[in-house]
K.L.:
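Sharing a structure, written as structure tokens. Questions coming.
What you see below is based on every heavy atom in this structure, not just the backbone, and it leaves out hydrogens, waters and symmetry mates.
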Amino acid sequence: MYRQAQNYGYMGINYSRQQLSNWLSRAADLIEPLYNLIFKEITNSRYLMTDETPVTLLNINGKKPGSKGYISIIKQGGKGIFNFVYCWAIDSRSQEVIEKKLEKFRGYLQVDGLNFYFKILKKVCVVYIACWSHVRRKFTDIIKLSGRLEGVAFEVVEKIDKLYEIEHRGGKLSKTDLLELRQKEAVPILSELREYLTNIVSTASPKGKLGVAIKYTLERWDGLIQYTKDANIEIDNNATERCIKYVVMGRKNWLFADNITSANKLAMLYSLIITCKFNNINPREYLEYIFNQLPYINRHNTSELKKLLPDKYDVNKRYDLEYRKQAVIVETITIPTTEDIPKAA
């Protein structure tokens with residue numbers, strides 16, 4: 001906004017940063033009903049993937065200015081379906097925070113670590129799904145440090161790469177065929193890998209990088225093999241990390257939020273924008289569409305509001321027919337005549 005206010009100033013338009021900030025805040029207020037509907041769609045899913053990234057907050061009650069908060073992303077899991085993405089701001093990574101947020105959720109929850117999600121993962125109705133990408137990263141870090149293309153870390157990475165190669169081959173298969181492929185080829189590799197790690201864990205230093213990597217893997221084993229039992233589950237949490245990169249890249253520009261309320265309004269806008277990006281919808285066109293539609297819709301009418309969710313947006317038309325009729329939009333094509341075309345100097 002600082003740069004935008006400057007650019008407007010160069011054009012002789014006097015917009016302050018505060019005025020631009022107020023516009024964003026009002027835009028977030030306007031889309032809040034859609035934001036709440038996205039959360040309902042999220043919690044009704046059987047499979048969620050989640051991650052979070054830090055954000056600097058200038059004013060947090062009881063903390064120093066510039067303390068760390070977080071923007072957490074919860075994404076619907078599963079390929080071949082429309083995936084909603086829900087962002088929300090938190091000022092701590094307390095286990096109680098996520099437990100309260102997802103108290104109604106029932107199904108698979110794919111996360112990177114355990115601490116923040118420990119309480120909800122203890123529930124009988126929630127099944128923990130781990131991430132093979134994070135496991136692989138632990139061992140590739142060891143290879144980079146040692147510079148050796150041999151040894152335990154190298155052998156483990158080779159086995160994990162075979163699991164990913166199986167996923168690559170199964171990318172275009174039906175769910176039934178993919179599950180059969182995983183059972184036939186991935187399960188034997190996983191059994192071999194677990195036996196290998198179990199046999200050597202006692203020989204590795206518990207505080208060394210290899211020992212930590214092996215312990216990290218074995219402790220999450222039940223979550224790591226769940227993907228072989230259901231074809232809808234992904235082998236890793238990379239899709240959520242791709243979503244969170246939009247926040248990370250944006251943070252390099254906006255740097256901080258004033259308080260948790262401001263951060264959550266930012267999260268509301270990100271929820272719609274990232275949902276659009278992940279599902280190949282032009283976010284600018286979608287936002288223009290809903291901001292033109294919202295004045296004509298009863299904000300308390302859920303069935304009407306649902307029509308404005310990104311999964312209902314038709315990428316082939318900017319506005320639906322109902323809106324065009326209300327706004328008296330007439331589509332015309334003007335074909336320029338030779339007189340309308342300026343002549344070259």
K.L.:
Would you mind reporting whether Lys265 and Glu32 have side-chain heavy atoms less than 4.5 Å apart?
P.N.:
no
K.L.:
Looking at Phe118, I want to see if its CZ is surrounded by more than 12 non-hydrogen atoms of other residues, nucleotides or ligands under 6.0 Å.
P.N.:
no
K.L.:
In the single-linkage hydrophobic clustering (I, L, V, M, F, W, Y; side-chain heavy atoms under 4.5 Å), do Leu269 and Phe278 co-cluster?
P.N.:
no
K.L.:
Look only at the side chain of Asn83 and the backbone of Asn279, and say whether a donor-acceptor pair between them is shorter than 3.5 Å.
P.N.:
no
K.L.:
Please give me the minimum heavy-atom distance between Gln110 and Tyr47, naming the atom from each residue.
P.N.:
OE1-OH, 2.6 Å
K.L.:
List the steps, then state whether salt bridge (Lys or Arg N to Asp or Glu O under 4.0 Å) holds for Glu158 with Lys162.
P.N.:
CA-CA 6 Å; Glu158 278 194 322; Lys162 288 179 182 178; over 6 Å; no
K.L.:
Given side chains that start at C-beta, do those of Pro310 and Leu272 come closer than 4.5 Å, heavy atoms only?
P.N.:
yes
K.L.:
Show me the donor-acceptor pairs within less than 3.5 Å that the side chains of residues 9-20 make with the rest of the protein, sequence neighbours left out.
P.N.:
unit_1, atom_1, unit_2, atom_2, d
Ser16, OG, Gln19, N, 3.1
Gln18, NE2, Asn22, OD1, 3.0

K.L.:
Only distances under 3.5 Å count here; give the side-chain donor-acceptor pairs of residues 251-261 to other protein atoms, sequence neighbours excluded, each with its distance to 0.1 Å.
P.N.:
unit_1, atom_1, unit_2, atom_2, d
Arg251, NH1, Thr53, OG1, 2.7
Arg251, NH1, Pro54, O, 2.5
Asn253, OD1, Arg3, NH2, 2.7
Trp254, NE1, Gly250, O, 3.2
Trp254, NE1, Tyr270, OH, 3.0
Asp258, OD1, Asn59, ND2, 2.9
Asn259, OD1, Thr261, N, 3.0
Asn259, OD1, Ser262, N, 2.8
Asn259, OD1, Ser262, OG, 3.1

K.L.:
Flag the pair Lys75 and Asp51 as a salt bridge only when some basic side-chain nitrogen lies within less than 4.0 angstrom of an acidic carboxylate oxygen.
P.N.:
no
K.L.:
Given the rule in the side-chain contact (heavy atoms from CB on, under 4.5 Å) test, do Glu185 and Arg169 qualify, once you have shown the distances and angles that lead to the verdict?
P.N.:
CA-CA 11 Å; Glu185 298 190 26; Arg169 282 193 284 120; 2.4 Å; yes
K.L.:
Test side-chain contact (heavy atoms from CB on, under 4.5 Å) on Leu34 and Leu309; report intermediate values, then the result.
P.N.:
CA-CA 7 Å; Leu34 298 178; Leu309 287 175; 4.3 Å; yes
K.L.:
If you define the side chain from C-beta out and look only at heavy atoms, does anything of Ile273 sit under 4.5 Å from Tyr246?
P.N.:
no
K.L.:
Where do Val97 and Phe116 come nearest, in terms of heavy atoms and distance?
P.N.:
CB-CE1, 4.4 Å
K.L.:
Would you give the length of the straight line joining atom CD1 of Ile73 to atom OG1 of Thr240, rounded to the nearest 0.5 angstrom?
P.N.:
8.0 Å
K.L.:
Under a 4.5 Å cut-off applied to non-hydrogen side-chain atoms, are Tyr35 and Asn264 in contact?
P.N.:
yes
K.L.:
Is it true that atom CZ of Phe39 has more than 12 heavy atoms of other residues, nucleotides or ligands lying nearer than 6.0 Å?
P.N.:
yes
K.L.:
Could you tell me whether the side chain of Asp112 and the main chain of Cys131 form a donor-acceptor pair under 3.5 Å?
P.N.:
no
K.L.:
Does Arg137 have any salt bridge (charged side-chain N to carboxylate O under 4.0 Å, His left out) partners at least two apart in sequence or in another chain, and if so, which?
P.N.:
Glu241
K.L.:
Any non-hydrogen side-chain atom of Val135 less than 4.5 Å from a side-chain atom of Arg220?
P.N.:
no
K.L.:
Working to the nearest 0.5 angstrom, can you tell me the gap between Tyr108 OH and Asp230 CG?
P.N.:
4.5 Å
K.L.:
Please round to the nearest 0.5 Å and tell me the distance separating atom CZ of Arg136 and atom CG of Asp236.
P.N.:
10.5 Å
K.L.:
Determine whether Phe84 and Ile74 satisfy the following criterion, side-chain contact (heavy atoms from CB on, under 4.5 Å), listing intermediate values before the conclusion.
P.N.:
CA-CA 8 Å; Phe84 281 102; Ile74 306 174; over 6 Å; no
K.L.:
Would you indicate whether the side-chain heavy atoms of Thr217 and Lys138 approach each other to under 4.5 Å?
P.N.:
no
K.L.:
Any idea how Tyr313 and Tyr289 line up, ring-wise: parallel (<30°), tilted (30 to 60°), or perpendicular (>60°)?
P.N.:
tilted
K.L.:
Could you check if a side-chain atom of Glu304 sits within less than 4.5 angstrom of a side-chain atom of Asn298, using non-hydrogen atoms only?
P.N.:
no
K.L.:
How long is the span from the CD1 atom in Ile297 to the CD1 atom in Ile290, to the nearest 0.5 Å?
P.N.:
10.0 Å
K.L.:
For Ala213 and Ile142, work out which heavy atoms get closest and say how close.
P.N.:
CB-CD1, 4.1 Å
K.L.:
Working to the nearest 0.5 angstrom, can you tell me the gap between Ser67 OG and Asp91 CG?
P.N.:
9.5 Å
K.L.:
Report the distance from atom OG of Ser191 to atom CD1 of Ile225, rounding to the nearest 0.5 Å.
P.N.:
8.0 Å
K.L.:
So which heavy atom on Val212 is nearest to which on Pro206, and how close?
P.N.:
CG2-O, 3.6 Å
K.L.:
If only atom types and distance count, is the side chain of Trp132 paired as donor or acceptor with the main-chain N or O of Leu224 below 3.5 Å?
P.N.:
yes
K.L.:
Flag the pair Glu155 and Lys159 as a salt bridge only when some basic side-chain nitrogen lies within less than 4.0 angstrom of an acidic carboxylate oxygen.
P.N.:
no
K.L.:
Looking only at heavy atoms, what is the nearest atom pair of Val85 and Ile274, with distance?
P.N.:
CG1-CG2, 3.8 Å
K.L.:
Just checking Lys123: does its NZ atom have more than 12 heavy atoms from other residues, nucleotides or ligands closer to it than 6.0 angstrom?
P.N.:
yes
K.L.:
Taking Ser271 for the side chain and Ala267 for the main chain, is one N or O donor matched with an acceptor at less than 3.5 Å?
P.N.:
yes
K.L.:
Would you say the side-chain atoms of Arg299 pair up with the backbone N or O of Leu30, donor to acceptor, closer than 3.5 Å?
P.N.:
yes
K.L.:
Following the transitive rule for hydrophobic clusters with a side-chain heavy-atom cut-off under 4.5 Å over Ile, Leu, Val, Met, Phe, Trp and Tyr, establish whether Ile235 and Val187 coincide in one cluster.
P.N.:
no
K.L.:
Just wondering, are more than 12 heavy atoms of other shown residues or ligands nearer than 6.0 Å to CD in Glu103?
P.N.:
yes
K.L.:
Has Arg182 got its NZ or CZ under 6.0 Å from the middle of the six-membered ring of Tyr227, at an angle within 45 degrees of the ring axis?
P.N.:
no
K.L.:
For atom NZ of Lys175, decide whether the heavy atoms of other residues, nucleotides or ligands shown that lie under 6.0 angstrom number more than 12.
P.N.:
yes
K.L.:
Determine the minimum heavy-atom distance between Pro33 and Leu305, stating which atoms define it.
P.N.:
CB-CD1, 3.6 Å
K.L.:
With side chains defined as the heavy atoms from C-beta onward, is the minimum distance between Asn232 and Ile81 less than 4.5 Å?
P.N.:
no
K.L.:
Would you say Lys312 has more than 12 foreign heavy atoms packed within less than 6.0 Å of its NZ?
P.N.:
yes
K.L.:
Taking atom CD of Glu180 as the centre, report whether more than 12 heavy atoms of other residues, nucleotides or ligands fall under 6.0 Å from it.
P.N.:
no
K.L.:
Counting distance only, does the side-chain N/O of Thr228 pair as donor-acceptor with the main-chain N or O of Gln183 below 3.5 Å?
P.N.:
no
